[in-house]
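Shown next, in structure tokens, is the structure this report addresses.
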Amino acid sequence: MQKIKLDKKVVLVSGANRGLGKAIVEQLIEKGAAKIYAGSRNIESLEELAAKYGNKIVPVELDVTSDESIDRVARQIDRLDVLINNAGRMSTGTLLSNEAINSLKENMDVNVWGPLKLSNAVRHHFLDENLTAIVNIISVAGFANMPSLGTYSVSKAAIHSITQGMRGEMASKNTQVFGVYPGPLDTDMTDGWDLDKADTITVAQNILKDVENGVEDIFPDPMSQQVGTLFFSSPKTLEQNFAKMV
Ligand SMILES: NC(=O)c1ccc[n+]([C@@H]2O[C@H](COP(=O)([O-])OP(=O)(O)OC[C@H]3O[C@@H](n4cnc5c(N)ncnc54)[C@H](OP(=O)(O)O)[C@@H]3O)[C@@H](O)[C@H]2O)c1
């Protein structure tokens, strides 16, 4: 399959108001994207991006847990080349605990049902002849369960599987499907964590570079590269290493 170039492309990014999503939007502009539908639950939180980049940014109110919100955004979009399913949450919950079910549901709603519903709402854009892409932001926690983030890991394993399935479904179309597996990032999600965290600008640059290079499984920071290497050589060792992180 041909490799996609991001200049002149129309892109939808969920969770675009802060963290990795915001960095991706800014790096898409650097790459010459034509228009970015920047999704956020609170449209006012996109004002800074809109003020900085003018009419290249189209702020859209998007809550990926709301069918109505997803449908409204999908109806607004008349052309789409790239969907970046970035919105995510980390409800901390372990699996053998009273909070297991609620925590798993919270993580699944945003990290699994959200991107699956959003992808389906705009899937008609991926069925024609144009070269297009779907980019799912997953996590190293999708490769093996981190018991301290047990329910989050389950949701990321599910979107990892969805990504593989979408890739297979799209194999005969002109749509590339990418899975992105970051390690810890310096965003609100890891606030208070005492460990090395990658900066979002570099990670966003690495993600977009790999998309343009046609790399399907993207490890955009040093920690994720180590995890990726270990996963492909010994998934069991990765499971054991993550278990020690409890
Ligand atoms: N941070 C890490 O260490 C790390 C590592 C690996 C993977 N990831 C993944 O990277 C992605 C971005 O995370 P981040 O680190 O940038 O986290 P973040 O700073 O907490 O940002 C999360 C983003 O998702 C949005 N969001 C949450 N629930 C939503 C919903 N129901 N509908 C629409 N948007 C929603 C947030 O919007 P609001 O402002 O409205 O809350 C925010 O824009 C996530 O998928 C995350 O799982 C993060």
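All ligand and atom numbering here is 1-based and tracks the order in the structure.
- For atom 16 (O) of ligand 1, the nearest non-hydrogen atom from the set Asn136, Val13, Leu20, Leu62 comes from Leu20.
- Close approach of ligand 1 to Gly19 is summarised as follows: ligand atoms under 4.0 Å from at least one heavy atom of the residue are 16 (O), 19 (O).
- Only the backbone of Ile138 comes within 4.0 Å of ligand 1, judged by heavy-atom distances.
- There is a side-chain donor-acceptor pair under 3.5 Å between Ser224 and Asp221.
- In this structure, the protein non-hydrogen atom closest to atom 14 (P) of ligand 1 is Thr187 OG1, 3.6 Å.
- Within a 6.0 Å radius of CG in Asp199, other residues, nucleotides and ligands contribute more than 12 heavy atoms.
- Counting heavy atoms under 4.0 Å from ligand 1, residue Trp193 does not touch it at all.
- In terms of protein heavy-atom proximity, atom 37 (O) of ligand 1 is closest to Asn17 OD1, 3.7 Å.
- Nearest protein heavy-atom neighbour of atom 6 (C) of ligand 1: Pro182 O, 3.4 Å.
- Ranking protein heavy atoms by distance to atom 48 (C) of ligand 1, first place goes to Met189 SD, 3.8 Å.
- Under 3.5 Å, the side chains of Asn174 and Thr132 contain no donor-acceptor pair of N or O atoms.
- Taking only nitrogen or oxygen atoms, main chain and side chain alike, Asn111 does not reach within less than 3.5 Å of ligand 1.
- Under 3.5 Å, the side chains of Asp63 and Ser69 contain no donor-acceptor pair of N or O atoms.
- When the heavy atoms of Ser139, Gly15, Gly39, Gly183 are ranked by distance to atom 5 (C) of ligand 1, first place goes to Gly183.
- For Leu185, heavy-atom contacts with ligand 1 shorter than 4.0 Å involve the backbone as well as the side chain.
- The number of heavy atoms from other shown groups lying within 6.0 Å of NZ (Lys173) does not exceed 12.
- With respect to atom 10 (O) of ligand 1, the closest heavy atom belonging to the protein is Ile137 CG2, 3.4 Å.
- In this structure, of Arg41, Arg18, Lys22, the residue bringing a heavy atom nearest to atom 42 (C) of ligand 1 is Arg18.
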Inset, instruction - Determine, step by step, whether Glu212 and Lys3 satisfy the salt bridge (charged side-chain N to carboxylate O under 4.0 Å, His left out) criterion, reporting the C-alpha distance in whole Å, the side-chain angles of both residues, the deciding distance to 0.1 Å, and the verdict. - result: CA-CA 6 Å; Glu212 291 197 320; Lys3 293 172 187 165; over 6 Å; no

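- Judged by distance alone, the side chains of Asn136 and Thr163 do bring a donor and an acceptor atom under 3.5 Å apart.
- Set against the non-hydrogen atoms of Thr190, the atoms of ligand 1 under 4.0 Å away are 1 (N), 2 (C), 3 (O).
- A donor-acceptor pair shorter than 3.5 Å cannot be found between the side chains of Gln76 and Tyr37.
- Residue-level proximity to ligand 1 for Arg89 is absent, since no heavy atom of it falls below 4.0 angstrom.
- For Glu48, the CD atom sits in a loose shell: 12 or fewer heavy atoms of surrounding residues, nucleotides or ligands are nearer than 6.0 Å.
- Between Tyr181 and Phe143, the two ring planes are parallel [angle under 30°; tilted spans 30° to 60°].
- The shell of residues lying under 4.0 angstrom from ligand 1, judged by heavy atoms, includes Pro184.
- Counting heavy atoms only, Gly88 comes closest to atom 23 (C) of ligand 1 of the residues Gly88, Ser224, Ala16.
- Remark: Ile137 CD1 to Ile159 CD1 distance equals 10.5 Å, nearest 0.5 Å.
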Inset, instruction - Show your working on salt bridge (charged side-chain N to carboxylate O under 4.0 Å, His left out) between Arg89 and Glu106 and close with a plain yes or no. - result: CA-CA 8 Å; Arg89 73 169 290 174; Glu106 286 171 356; 3.5 Å; yes

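- Under a 4.0 angstrom heavy-atom cut-off, Asn42 registers as lying outside contact with ligand 1.
- Contact annotation: for Lys156 versus ligand 1, heavy atoms closer than 4.0 Å belong to the side chain alone.
- Ranking the protein heavy atoms by distance from atom 34 (N) of ligand 1 puts Ala87 CB, 3.4 Å first.
- In Val64, the parts holding a heavy atom less than 4.0 Å from any atom of ligand 1 are both the side chain and the backbone.
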Inset, instruction - Report the C-alpha distance between Asp81 and Arg79 in whole Å, list the side-chain angles of each, state the deciding distance to 0.1 Å, and finish with yes or no for salt bridge (charged side-chain N to carboxylate O under 4.0 Å, His left out). - result: CA-CA 7 Å; Asp81 303 303; Arg79 175 190 148 193; 2.6 Å; yes

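- The contact set between ligand 1 and Val110, taken as ligand atoms under 4.0 Å from a residue heavy atom, comprises 28 (N), 29 (C), 31 (N).
- Each of Asn107, Asn102, Thr94 was compared with Thr151 under the side chain to side chain contact (heavy atoms under 4.5 Å, CB included) criterion, and only Asn107 meets it.
- Nearest protein neighbour of atom 47 (O) of ligand 1, counting heavy atoms only, is Tyr152 OH, 2.7 Å.
- Each of the atoms 31 (N) of ligand 1 lies under 4.0 Å from some heavy atom of Thr65.
- With respect to atom 11 (C) of ligand 1, the closest heavy atom belonging to the protein is Asn86 O, 3.1 Å.
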Inset, instruction - Apply the test salt bridge (charged side-chain N to carboxylate O under 4.0 Å, His left out) to residues Glu68 and Arg72: give CA-CA distance (whole Å), side-chain angles for both, the deciding distance (0.1 Å), then the verdict. - result: CA-CA 6 Å; Glu68 195 226 318; Arg72 197 171 352 95; 3.5 Å; yes

